[in-house]
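Remember, it's a predicted structure, so these values are computed and weren't measured experimentally. Lettering follows sequence order; numbering is per chain, from 1.
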Amino acid sequence: MTDFSRLGVAAIRDGVANGEFKAVEVAEALNTRVAAAKALNAFIVETPEMAVAAAQAVDADRAAGKPLGKMAGVPIGMKDLFCTEGVQTTAASHMLEGFVPTYESTVSANLWKAGAGMLGKLNLDQFAMGSSNETSYFGNVISPWRRNDGGNAALAPGGSSGGSSSAIAARLCPAATGTDTGGSIRQPAAFVGISGIKPTYGRCSRWGVVAFASSLDQAGPMARDVRDCAIMLEAMAGFDPKDSTSLDLPVPAWEAALNSDLKGKRIGIPREYRLDGIDEDIAKMWDNGIAWLKDAGAEIVDISLPHTKYALPAYYIIAPAEASSNLARYDGVRFGLRDLPEGAGLQDMYAATRAAGFGEEVRRRIMIGTYVLSAGFYDAYYTQAQKVRALIARDFENAWASCDLILAPTAPSAAFGLGEKNADPLSMYLNDVFAVPASLAGLPAMSVPGGLDKQGLPMGLQIIGKALDEQAVLNAGLAIEQRSGFTAEAGEWW
Amino acid sequence: MSEYRIQGNTGEWEVVIGLEVHAQITSESKLFSGSSTGFGAEPNSHVSLVDAAMPGMLPVPNRECLRQAVRTGMAINAQINRWSRFDRKNYFYADLPQGYQISQLYHPIVGEGEIEVTLNEKDPDSPTKKIGIERIHVEQDAGKLMHDQHPTMSFVDLNRSGVALMEIVSRPDISSPQEAGAYLKKLRSILRYVGSCDGNMEQGSMRADVNVSVRKPGGELGTRTETKNVNSIRFMMQAIEYEAQRQVDLIESGGAVVQETRLFDPNKMETRSMRSKEDAHDYRYFPDPDLLPVELDDAFLEECRASLPELPDAKRARYEALGLTAYNAAVLTAEAETAFWFEDLLAEGVDAKQASNWLMSELFGALNKLGKTLDESPVNPKQAAELLGLVADGTISGSIAKQVFEIMLETGQGASAIVEEKGLKQTNDTGAIEAEIAKIMAANDDKVAEYRSGKDKLFGFFVGQTMKAMQGKANPQIINDLLKKALG
């Protein structure tokens with residue numbers, strides 16, 4: 001009997017289409033795996049009946065000879081930042097605990113239209129703020145990975161899409177949605193040895209996605225290989241008139257055009273990313289990546305992205321600034337948590353509701369964002385950060401004169417242990433150092449597995465491409481995937 | 001323009017006034033959502049997911065609202081900014097679901113323009129003054145709190161939440177309550193001509209924030225106060241009068257004006273402090289990251305310009321050229337509806353002077369008596385033109401026309417039908433008229449003698465008697481001619 005947990009998106013889609021197995025069999029098998037993996041805490045809500053219903057519809061369509069969608073029969077996990085009609089949507093917050101939208105996000109609706117089914121809503125960092133999935137109101141997500149030291153320290157699955165990364169790496173689902181504001185798809189993918197792509201800003205509609213930082217938020221797929229990412233991105237992307245920042249462009253046939261022959265492609269290696277004290281294993285993986293791309297026919301060029309060191313500070317001004325405003329709507333008036341102490345007035349209700357509804361990290365970022373937008377500080381922080389953002393974008397523009405893609409590590413290290421970085425928010429923020437420049441510039445960027453570190457933990461290689469050139473990013477990802485020989489898996493301890 | 005001065009103990013004071021007028025843009029749907037903007041609906045019946053700021057909802061600009069703002073800008077000869085942007089104004093209030101109002105602080109869609117006002121628009125010799133407009137920007141309205149629905153709770157109605165407003169900001173060029181009134185009237189007229197706002201102050205479609213300061217004539221500008229949400233022209237003038245006097249009294253008694261927000265109480269006819277500068281919100285404005293900048297192309301601007309109607313000043317000049325008095329031209333153009341009524345009469349073939357005289361005396365008088373507005377007139381321009389046509393072609397006299405008009409107002413019948421039914425047709429039968437004249441002269445031989453001995457004024461008596469005898473239905477011109485002949 002087929003072990004459906006070992007099949008990826010393409011394999012399930014093709015198997016269902018060819019009649020090798022029924023979509024319902026896949027859904028049921030994965031429902032069972034999800035139910036048995038509570039120790040990972042990857043899901044906030046499980047929706048086995050929805051996975052089965054979607055699969056039955058696909059099986060019925062196939063039986064009736066109807067054309068099947070791009071994701072027909074593929075059960076996926078849905079990051080709990082996407083509003084799902086009739087299913088609780090929390091952004092992993094107490095604020096939205098019990099909130100059941102009457103509407104479906106554009107991206108999730110696109111996936112259901114393509115024939116995917118929902119296994120459940122995946123845990124994440126609260127309001128997508130975090131790099132380790134330790135800020136969720138519903139508890140930490142545990143990575144399925146363990147260090148090779150024989151210990152069983154619980155490791156971070158990365159964040160904010162930590163439920164997504166953990167579930168895919170544990171083979172609870174072949175793929176899941178993620179969102180990436182400053183690395184929230186790429187860093188968790190790197191931490192658990194899977195692939196994930198943040199497309200060009202505007203490719204995927206933000207409508208119905210709980211907002212963190214509007215000018216940066218972008219949805220994307222996470223899966224176990226590059227092809228699966230290409231398939232799922234095709235299903236997710238597309239112009240949406242309900243999102244003013246959505247790109248009015250046709251969705252390319254990324255999967256069909258996958259090609260790992262990189263002849264004629266120039267790969268830029270940004271010298272500013274080679275930080276002092278860079279992790280030895282990360283540096284070595286990066287060198288391997290360079291060698292693999294060269295082997296695939298690419299030319300390697302040194303490039304400079306001179307404003308890189310300002311990217312992280314700028315990001316941690318812009319993202320909290322937008323968040324402080326985006327999260328103002330959680331006020332206890334219309335939906336979600338309301339904490340109304342006896343005899344309280346409106347201001348008291350706001351204070352009590354927001355103190356109770358938001359976790360520490362969310363409150364921290366609201367405070368930072370409020371501060372940097374305040375009269376007297378706005379120019380020094382927000383305006384300055386916007387200038388830096390423009391310079392970062394120009395760095396990339398200049399780089400494209402000499403290269404077509406950029407290769408860098410996804411994160412400065414492999415996964416860390418849960419609790420190891422909690423005490424110091426700055427060291428936690430540093431995890432995003434390689435990820436945020438592409439976010440600030442709105443460029444497509446992908447993480448693919450690059451190997452294991454000394455502790456036996458996965459590390460990710462990041463490919464950054466020109467705006468709208470997801471194809472080149474995916475192709476380079478495929479070239480690495482074919483050469484890295486990455487087959488490591490987490491042992492099934494849960 | 002007139003010099004408005006407040007006489008204080010220390011001498012004369014000058015008043016400096018600037019107005020920020022919030023005008024609701026006429027549009028079917030809200031600024032960033034598809035919800036209806038209809039007035040007077042059940043609470044919370046015109047609320048979309050976007051208006052209620054549900055998680056993940058995004059604003060999409062309504063092109064029509066931007067178009068109306070641009071047309072308004074063009075109507076006041078303002079600079080139209082081809083590139084503008086929306087900003088968020090952040091503050092918490094229960095009537096503001098997003099926790100911020102989407103507005104335009106840094107890059108408004110319309111820049112500098114001006115409006116010319118006259119203190120007495122009906123007096124052609126009244127001096128004029130140009131009031132500078134600093135900007136027009138587009139923003140969302142908030143919802144409404146209802147405090148009288150429950151003993152301990154306030155209710156929120158979000159029907160207005162997200163409705164598009166234009167904020168029209170004047171320069172501090174206004175120097176008297178009368179000028180402020182003239183400015184607001186003129187602005188309202190322009191908005192109604194353009195069709196970008198219905199100007200209905202009672203329903204809150206237009207309201208003004210009034211900035212007032214005082215200074216010694218020509219001196220340094222004083223500290224200003226802002227009186228919020230004044231919703232009638234009269235109240236605004238009263239608020240300015242009160243506030244300027246209050247400031248003068250305060251300064252002269254050794255105090256100082258504090259920069260603050262005030263409210264006008266129309267019952268007490270006074271302003272009072274709402275919050276001081278220290279309590280002022282820090283709105284933390286920043287560009288709305290959910291929205292792209294607004295870029296206007298040539299075709300869009302072209303269409304906006306082409307769709308502008310003839311504006312009051314141009315219309316007034318044209319009416320004067322048609323032979324109307326300056327006074328009539330001013331009255332007929334003050335409101336778009338009046339001008340359109342008048343032009344409808346012209347389109348039906350009525351002579352301009354006849355149309356203007358009839359409108360100004362007969363129609364306005366009748367509506368006044370009925371307590372109705374022009375929009376509610378029981379007689380429409382086509383029906384009126386029929387009546388005036390009967391006068392013009394001599395079918396009925398002017399005095400009969402008055403009678404016919406009254407019947408029209410009462411019954412809604414057409415003029416020709418009434419004339420026919422009541423037998424009011426004017427007679428041109430010279431024989432019948434001559435017979436009546438003969439009888440009248442015979443009965444009044446003393447007056448005939450007086451007339452013939454030079455008392456010309458008695459001619460009117462004979463005209464009246466003849467018309468009376470003819471039951472008003474004789475052609476007055478013919479009566480005149482025949483009387484002159486008979487009296488010699």
Side-chain angles (χ1 to χ4, degrees), chain A residues 81-83 89-91 95-96 99 101-103 105-106 202 205-211 213-217 240-246 318 321-322 324-336 340 343 346-347 349-350 354 369-378 382-383 386, chain B residues 31-34 44 47-63 85-102 105-106 143 145 147 152-158 161 277 280-295:
Chain A
L81 202 62
F82 294 85
C83 289
T89 300
T90 66
M95 185 63 86
L96 286 176
F99 171 67
T102 58
Y103 48 93
S105 82
T106 299
S205 169
R206 293 183 297 113
W207 193 88
V209 185
V210 175
S214 311
S215 73
L216 296 157
D217 294 346
D240 181 3
K242 290 186 288 191
D243 174 359
S244 304
T245 61
S246 167
I318 293 167
E322 294 182 15
S324 72
S325 178
N326 281 337
L327 270 61
R329 65 188 55 199
Y330 306 107
D331 57 7
V333 174
R334 300 167 314 286
F335 53 80
L340 184 64
L346 185 62
Q347 294 300 327
M349 183 180 89
Y350 288 151
R354 291 167 66 80
T370 304
Y371 179 80
V372 299
L373 291 176
S374 297
F377 300 103
Y378 181 83
Y382 186 79
T383 307
Q386 289 293 10
Chain B
L31 181 53
F32 296 111
S33 83
N44 295 314
V47 186
S48 72
L49 295 168
V50 175
D51 307 325
M54 299 303 283
M57 291 302 101
L58 298 171
V60 177
N62 178 345
R63 200 84 178 150
R85 202 173 60 184
F86 286 103
D87 302 303
R88 290 185 184 177
K89 177 181 181 178
N90 295 284
Y91 65 97
F92 284 95
Y93 205 53
D95 65 5
L96 189 73
Q98 294 163 145
Y100 53 85
Q101 176 197 33
I102 305 178
L105 175 70
Y106 297 108
L145 291 191
H147 301 293
T152 59
M153 285 192 276
S154 293
F155 287 7
V156 188
D157 176 8
L158 296 179
S161 167
K277 194 188 176 189
H281 294 291
D282 178 354
Y283 290 119
R284 291 169 285 123
Y285 278 100
F286 76 108
D288 191 326
D290 282 333
L291 293 163
L292 299 174
V294 178
E295 293 182 67

Could you tell me which portion of A:Tyr330 (side chain, backbone, both or neither) has an atom closer than 4.5 angstrom to a non-hydrogen atom of chain B? side chain
Working to the nearest 0.5 Å, report the span between CG of B:Leu145 and CG of A:Leu346. 8.0 Å
Contacting moiety of A:Leu216, where chain B heavy atoms sit under 4.5 Å: neither
Pick whichever of A:Gln386, A:Met349, A:Gln347, A:Glu322 has the most heavy-atom pairs under 4.5 Å with chain B. A:Glu322
Best-contacting candidate, A:Thr245, A:Thr383, A:Val210, A:Val372, against chain B by heavy atom pairs under 4.5 angstrom: A:Thr245
Pick from B:Pro55, B:Gly99, B:Ala52 with the largest number of heavy-atom pairs that fall under 4.5 Å of chain A: B:Pro55
Using non-hydrogen atoms only, which part of B:Phe92 is less than 4.5 Å away from chain A: side chain, backbone, both, or neither? both
Checking heavy atoms, do the side chain of A:Thr370, its backbone, both or neither come under 4.5 Å from chain B? both
What I want to check is whether the side chains of A:Tyr378 and B:Arg284 have a donor and an acceptor closer together than 3.5 Å. no
Using non-hydrogen atoms only, which part of B:Tyr285 is less than 4.5 Å away from chain A: side chain, backbone, both, or neither? backbone
Identify which part of A:Arg206 has an atom lying under 4.5 Å from any heavy atom of chain B, answering side chain, backbone, both or neither. both
Given 3.5 Å as the limit, does a donor-acceptor pair link the side chain of A:Arg334 with the main chain of B:Met54, or not? no
If only atom types and distance count, is the side chain of A:Ser244 paired as donor or acceptor with the main-chain N or O of B:Pro59 below 3.5 Å? yes
Which answer fits A:Pro241, side chain, backbone, both or neither, if we ask what part of it has an atom under 4.5 Å from a heavy atom of chain B? backbone
Please classify the contact of A:Val333 with chain B as side chain, backbone, both or neither, using a heavy-atom distance under 4.5 Å. side chain
Any donor and acceptor pair, going by atom type alone, linking the side chain of A:Tyr350 with main-chain N or O of B:Ala94 inside 3.5 Å? yes
Would you mind telling me which of B:Asn90, B:Asp288, B:Asp290 makes a side-chain hydrogen bond (donor to acceptor under 3.5 Å, both in side chains) with A:Ser325? B:Asn90
Rounded to the nearest 0.5 Å, how far does OH of B:Tyr283 lie from OG of A:Ser374? 14.0 Å
So, the part of A:Ala321 with a heavy atom under 4.5 Å from chain B: the answer is backbone
Rounded to the nearest 0.5 Å, how far apart are CE of B:Met57 and CZ of A:Arg329? 8.5 Å
Who among A:Tyr103, A:Tyr382, A:Phe82 has the most heavy-atom pairs with chain B under 4.5 Å? A:Tyr103
Cut-off 4.5 Å, heavy atoms of chain B, and the answer for A:Ser105 is neither
Options A:Val209, A:Thr89, A:Ile318, ranked by heavy-atom pairs under 4.5 Å with chain B, top entry: A:Val209
Does the side chain of B:Pro97 come within less than 4.5 Å of A:Phe335's, by heavy atoms? no
Chain B heavy atoms under 4.5 Å from A:Asn326: which part of the residue, side chain, backbone, both or neither? both
Identify which part of A:Phe377 has an atom lying under 4.5 Å from any heavy atom of chain B, answering side chain, backbone, both or neither. neither
